[in-house]
Novice: 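There's a structure below that I have some questions on.
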Amino acid sequence: MALYVQKFGGTSVADAERIRGVAEQVARCRRRGDQVVLVVSAMGKETDDLLRLAAEVSTDLPGREMDMLITAGERKAIALVAMALEAAGVPAESYTGSQAGFVTDTNHRNAKILEVGAERIRAALDAGRVPVVAGAQGVSTDRDVTFLGRGGSDTTAVALAKALGADACELYTDVSGVFTTDPRVVSTARRMHAITFDEMLEMTAAGCPKPAMRSVEYAHRHGVPLHVRSAFTWEPGTWVVEESSDMEAALIRSVVADSSEAKITVSGVPDEPGVAARLFRDLADADVNVDMIVQNVSEGGVTDISFTVPHTDLDRAISVCESQSAVSGAQKIVSDHRIAKVSVVGAGMKSNPGVAATVFEVLASHGINIEMISTSAIRISCVIAEDSADQAVQVLHDAFELDATTF
Ligand code: ADP
Ligand code: ASP
Ligand code: MG
């Protein structure tokens, strides 16, 4: 008898019919003799709807109330899923994050898990019931309801799998696994049978939404077997695994695009020690999440610094720069939110020179201008204009023949 933690994303429980589909699948697993714990996201786009509603009544969006609001989406979904399971003949019981034993820090809207006391979930399993746990939520050390952040349900599932010693954590979603690139953008994208944690982490850091980055980190740290698969066809999907000796390191495994960031350029900054330190310290203190940073060669004692931040942090970042420029004497601050970061990821590039050159040549031959570049040992990222992003992904995917590669 195996124990699986199965997480269903918003699309997978978007309406009554889909919820009944999930219940039938769980009933099949149980007939095979497996034990199942479910983790469920809010239905469809409900989290976005709740965020939009909040913005209509408030400009400062207080964290405590925001978390109370957002977590309501998952709470509604778990009750409906538990009822559908009962209707399908499967004894089930819904649990909020707090009831399931998730204790978090007090950082509202992006709380971190401190502890998972899964005794109630274990007891429900032992009693033959299927626990249905609300994703992305917990209770803080101050006893307030907390939200784990966007995509947090993946993290809930992995943490629960670890706490229960489950055989695998299965993330069911609206595509059939992790692909060589977003299958909604490139129709020839291929599903991978397996991918290493290192490559998966680079993909998520580059902007791949699935699985959520924190869940991959958690699974990697705690050795949780992770399986991304389809809630529509139920076919086997992609395993995220430690590197194994029979795994050939692919030169390039995937292409990722991310349009969620904006670029800020502070020009005419005095080129002297401490300027960058002050600017980025102030940005960090204002909770601005800086990604890429480029500083130009200085001319006449001044230089330009460009960096990218999430769209959601842009206004805050600009006001930090404005108050800084008074101190540092910067001449101009410009921002551009219509950028995209396009990245290629693959462990094989560590031992093969020329990948960066190929990326630049491919983009240049299609007239796509590169505004910024950053690299890690297994990733190359370029900032380009947002409206060229889909084309860039397509031509890089073609150039590295990812449509023809089997992993
Ligand atoms: P869920 O709601 O199930 O948590 P998400 O909507 O967060 O799922 O993520 C799934 C989506 O991620 C897919 O619909 C797909 O369009 C997108 N995606 C982007 N890049 C990839 C990729 N390389 N492999 C698989 N899915 C990807
Ligand atoms: N519903 C939340 C979101 O949309 C949490 C999750 O699905 O992981 O981000
Ligand atoms: Mg998601």
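One-based numbering, in listed order, for ligands and for the atoms of each.
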Novice: Heavy-atom distance under 4.5 Å between the side chains of Val81 and Phe8, does that happen here?
Specialist: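 They are not in contact (no side-chain heavy atoms under 4.5 Å apart), so the answer is no.
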Novice: With a cut-off of 4.0 Å, which atoms of ligand 2 are near a heavy atom of Ser41?
Specialist: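 Under 4.0 Å from Ser41, ligand 2 has these atoms: 6 (C), 7 (O), 8 (O).
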Novice: Considering both backbone and side-chain atoms of Lys7, is one of its nitrogen or oxygen atoms within less than 3.5 Å of a nitrogen or oxygen in ligand 2?
Specialist: no
Novice: For ligand 2, which atoms have a heavy atom of Arg150 less than 4.0 angstrom away?
Specialist: 3 (C), 4 (O), 9 (O)
Novice: Suppose I only count heavy atoms of Ser153 and a 4.0 Å limit; which atoms of ligand 2 are within that range?
Specialist: 5 (C), 6 (C), 7 (O), 8 (O)
Novice: Would you mind running through ligand 1 and noting each atom that sits below 4.0 Å from a heavy atom of Thr173?
Specialist: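 Counting from 1, the qualifying ligand atoms are 1 (P), 3 (O), 8 (O), 10 (C).
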Novice: Check each atom of ligand 1 against the heavy atoms of Val175 and keep those under 4.0 Å away; list them by number with element.
Specialist: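 The list of qualifying atoms is 13 (C), 14 (O), 25 (C), 26 (N).
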Novice: Is it the case that Arg18 places NZ or CZ above or below the six-membered ring of Phe232, under 6.0 angstrom from the centre and within 45 degrees of the axis?
Specialist: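 Yes, Arg18 and Phe232 form such a contact.
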Novice: Suppose I only count heavy atoms of Gly151 and a 4.0 Å limit; which atoms of ligand 2 are within that range?
Specialist: 3 (C), 5 (C), 6 (C), 8 (O), 9 (O)
Novice: Once you measure the plane-to-plane angle for Trp239 and His227, does it fall in the parallel (<30°), tilted (30-60°) or perpendicular (>60°) bin?
Specialist: parallel
Novice: Give the single entry among Lys210, Arg253, Lys7 that approaches atom 5 (P) of ligand 1 most closely by any heavy atom.
Specialist: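 The option holding the nearest heavy atom is Lys210.
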Novice: If you define the side chain from C-beta out and look only at heavy atoms, does anything of Thr146 sit under 4.5 Å from Phe102?
Specialist: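 They are not in side-chain contact.
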Novice: Contact between Glu202 and Ser343 at the side-chain level, heavy atoms closer than 4.5 Å - yes or no?
Specialist: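 With C-beta onward as the side chain, the pair stays apart.
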Novice: Enumerate the atoms of ligand 1 whose separation from the nearest heavy atom of Met203 is less than 4.0 angstrom.
Specialist: 23 (N)
Novice: Polar-atom distance check: Phe179 versus ligand 1, any N or O pair below 3.5 Å?
Specialist: yes
Novice: Find all atoms of ligand 1 within a distance of less than 4.0 Å from any non-hydrogen atom belonging to Gly177, and give their numbers and elements.
Specialist: 24 (N), 25 (C)
Novice: Going by an N to O cut-off under 4.0 Å, is there a salt bridge joining Lys7 and Asp154?
Specialist: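 Answer for the salt bridge query: yes.
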Novice: Is it the case that Thr155 and Arg214 place a side-chain donor and acceptor less than 3.5 Å from each other?
Specialist: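 The answer is no; no qualifying pair exists.
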Novice: Could you tell me whether Asp174 and ligand 1 have an N or O pair separated by under 3.5 Å?
Specialist: yes
Novice: Should Gly152 be counted as touching ligand 2, given the test is an N or O pair under 3.5 Å?
Specialist: yes
Novice: Examine ligand 1 and decide if any of its atoms is less than 4.0 Å from a heavy atom belonging to Pro209.
Specialist: yes
Novice: Under a 4.0 Å threshold between the charged nitrogen and the carboxylate oxygen, would Arg184 count as salt-bridged to Asp390?
Specialist: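 Not counted as a salt bridge, because no side-chain N and carboxylate O are separated by less than 4.0 Å.
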Novice: Who's closest to atom 5 (C) of ligand 2 heavy-atom-wise, of Glu46, Lys45, Glu74?
Specialist: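 Going through Glu46, Lys45, Glu74 one by one, Glu74 has the nearest heavy atom to atom 5 (C) of ligand 2.
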Novice: Considering only NZ, NE, NH1 and NH2 on the basic side and carboxylate oxygens on the acidic side, decide whether Glu93 and Arg120 come within less than 4.0 Å.
Specialist: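 So Glu93 does not pair with Arg120 through a salt bridge.
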